[in-house]
Amino acid sequence: MEIVLVGLNFRTAPVEVREKVSFSHEQALRASEELRSQGILEETLVLSTCNRSEVYGVNPAANRESAAALSSYLSKFHELNPDLLNPSLYHHYDHDVVRHLFRVSAGLESMLLGEAEILGQVREAYLRAHDGHVTGPVLNRMFQAALEVGKRVRAETELGTRPMGVASAGMKLAERIFGKLNDRTALVLGAGTISEQVVSQLRDRNIGHLYVTNRSREKAEEFAAQYKGKVIEWGEWDTALKLPDVIVSAVGVQEPLLTKPLIERAMAARGNRALFLMDLGLPRNIAPAVAELYNTYLYTMDDLTEIVQQNRSARQSEVPKAEALVEEHVGKFISWQASVELIGVLDTLRDSLKARRAAFLQEKLNGIDRYSAQDREHMGSLMDELIERLLIAPAERLRAEKEFRKKIQSVEAIRDLYLSDREKP
Amino acid sequence: MTHIFVWITVVAYLSSMGLYLRFLNTGKEMTGRLATALMILGLVAHYLALLLRAKGTHTVPYHDLQGSMSLFGWLLAVTYLCLEIYHRQRTVGAFVLPIILAFFFTAYLVPDHPSPPSAAHGAVFALHVTLSILAYAAFALSCVLSLMYLAEERLLRIRKLGDVVWRLPPLELLERMSHTGVLLGLVTITVGTALGFLVVDRQPGQAAYFDPKYVVTLLVLFLYVAYFRLARTTAWRGARASKLCVFNFVLVILSFTVVNLYFSQHHRYF
C-alpha cells in the first residue's frame, strides 16, 4: 500500500494553469469515482481551492506508478496538454504526503502564512469525499489527523492570530477601541475595491449600521444595496460625520477631504465619543492634524501596512512551533500506519507459512499409507499451532515497540526475509 | 491551622496569577477558566485564614495593620472576581493578582504591632469598616483599570502596538469596568460612612467629635462622584476621566496612610 499525492499550487503554477486544473464539487467527486473505478487508486480525495488543486489517494500496490497514472488522468480530465501541465505538478509518496497535508492544514503552505480559511476548505473537501464514499480507512485517518493538526496549530501558536491584511488590521484596531462592532456605526467614503474589502470585513463582524457615501450617487446606491448599507449624500459632512464610530476613506483626491476643523465639529456634535479613522487613500484623504484631536485614532495606509509587516514577522517566528506540531502528528500517523501494516504483514506471513506447511506435509507424506486422513489433519493442525506459537512472541514484541522507526524497520525486515515479492502486502 | 490556609492561599493565588499571565499570552479559554477557579480557591482559603486569625486574636481582622491589609487584599479579589464575571473579561486578572498578592504577603510578613482596643465595636461598626475597606478595594481596581486604559490609549494613539495591545481588553470595556468599580466604591463608601456617623452618634459624649478623616472621606466621595459624572461628558470622556480616576486613588492612598497614621485618632488601619 502507498499513499500518493499529485497536485499543483500557487508556487508551482501560474493562475492561468491553476484555474484550468481547478475542480468544482461535482467534478471532484466524479474524478474520485473514476480514479477508483479505473483501478488507479483505492481511496481518493480531491482538494481544490483557489491556490491549489491536489489529488490524494491510496494505491493498493506499492509500485510508485500511481503518480504517473494520476498525472496522465489529470491531463485527460481537464483536457490539457501533458507537456503543459506536467512541469507544474508535484508528486509525493507516503510520509511526504502526510507531512504535506498536515502543513497545508496548518496554513504553512498557504500564500498568506497561517490563514485560517484553508482549514475549513480541507474539512469541507474531506466531508464531501467521505459522504461520497470515495475515501477509506487510510485517508479518513489522515484527514482527521490533518484537521486536528490545523486546530492545534491555531490554538497553540500565534500563526493565525494577527491580522495580515490592511483591511482586517484596521478592523482589529477598531475592536481594540470599541470591542465588538455589532452595535457600532461605520461610514465608508468611496465605493472602490479597497472600500469593498473593508466593508466585507465590517459585515463579517456584523457592524450595526453601515453608511456609504460616494461622488457618484448611483455607484454608492449599488454598493450600499450589495452590502445592506444606507447612502449619505456626498459632501454633507456635518450630517455624515456625527453618526459613525468608524470612518473609512478610500477615494481619489488631491487635497485632504476630512480636515481638522471638520472632524473637530463632528467630535463636538457626537459628545467626543471615540472615533476611529482609516485613511486608505493616496494622496491622503484625512488631514494628519486630525490625529491630534482628543479621542480620535487615525491610521493611514502606511501605519496599517507597517502593522501588517510586524504581524508577518511575528507569524514567521511561530513557524518552528507549528512545524514541531506537524512533525509530532506525522510521527503519530506513521506509528499508526506501521501498526496497521504490522497486522497485514503478520497475516500474510501466517498464510504463507501455512501454505508452505501444507506443501511440506503433502510432499513428505506422499506415498505413506499408514496415516489416515484424520491423522494427517491432526498433524496439520499441530503444525499450525506451532506456527501460531512461533509468531506470537515476535508479534507481541513488535506491537509493544514504542519507537516507531524501529517498528517500521522490523516490519520491513520481516517482509524482506520471509515474504517473496509476490506475497508482500 | 492558619498556616495551612495561608499556604493554600499563596499557592492558589500564585498559580492563578501564572495562569492569568498565560491566558493573557495565549488567549486559551481553558487556561482562563482554570485561573479563575484557582482564584476562587485562593479566596476561600484566604477567607478561612482571616477567620482563624480573627478567632485566634479574639478580635476582628481590621484592628491591626496585618489584618486590615489582608482584608483589603481579600476584598480586592472579591471585587475583581465580581467584575470579571459581570463583564466576562479575564485579561485584567494578570494585572490585579500581583496587587492582591502584595497585600497578602505584606500582611503576613510585617511584624505584629498590637494596637489598643477600639472603643467602638458591634455589628454596625464592623459593617462600617468592612464597607469602607471594600470601597477602597473597588477604587484600587478602578485605578488599575484606568492605568491600563491610559497605557493602551497611548499605544494606540502613537501607533506603537507591539505585542501588548492585541492582548489587552478594548478601551471602552476598560472604561465600563472602571465605572462599575467606582460605582461599587461609591455605594459602599456612602453606606459605610453613614454607618460610621451612626456609630459615633451612639458613642456617649462623642456628639461634637471631629476627625480629619471625615473631611478627607467626603473629599474622596465628592471627587469620585465628580469622576462618575465627568466621565460621561464631552470634555472629560476617555483619557481625561481615567487620569482623574488615578488621581482620586492617590488621594485614597493618602487617606489610608498619612491621614490615618498622623491625623486621625480613631481610624488607624482602615
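A note on names: the letters A, B, ... follow the listed sequences, proteins ahead of strands, and every chain is numbered from 1.
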Atom group of [X] that falls short of 4.5 Å from chain B, counting heavy atoms:
X	result
Arg270(A)	neither
Asn295(A)	both
Ile177(A)	both
Lys172(A)	both

Notebook entry, point to check: Between Gln201(A) and Arg205(A), is any side-chain donor less than 3.5 angstrom from a side-chain acceptor?
Noted result: yes
Checklist line | Per-residue contact mode, Arg240(B) against chain A (heavy atom under 4.5 angstrom) | finding: both
Next item on the list: Tell me, for Leu156(B) versus chain A, whether the close heavy atoms (under 4.5 Å) come from the side chain, the backbone, both or neither.
Entry: both
Next item on the list: Could you tell me which non-hydrogen atom of Gln89(B) sits nearest to which non-hydrogen atom of Pro170(B), and how far apart they are?
Entry: NE2-CD, 4.4 Å
Checklist line | side chain to side chain contact (heavy atoms under 4.5 Å, CB included) partner of Leu280(A), chosen from Leu189(A), Val248(A), Val188(A) | finding: Val248(A)
Note to self: When you measure from the side chain of Arg157(B) to the backbone of Ala291(A), do you find a donor-acceptor pair of N or O atoms at a distance under 3.5 Å?
What the structure shows: yes
Note to self: I'd like to know if the side chain of Thr296(A) reaches the main chain of Glu292(A), judged simply by a donor and an acceptor atom lying under 3.5 Å from each other, with no hydrogens or angles considered.
What the structure shows: no
Check: Could Arg229(B) and Tyr227(B) be counted as a cation-pi pair, given that NZ or CZ must be under 6.0 Å from the ring centre and within 45° of the axis?
Finding: no
Note to self: If we define contacts as heavy-atom pairs under 4.5 Å, which of Glu156(A), Arg273(A), Arg176(A) has the most with chain B?
What the structure shows: Arg176(A)
Check: Among Arg232(B), Glu175(B), Lys28(B), Glu172(B), which has the most heavy-atom pairs under 4.5 Å with chain A?
Finding: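 Among Arg232(B), Glu175(B), Lys28(B), Glu172(B), the one with the most close pairs to chain A is Glu172(B).
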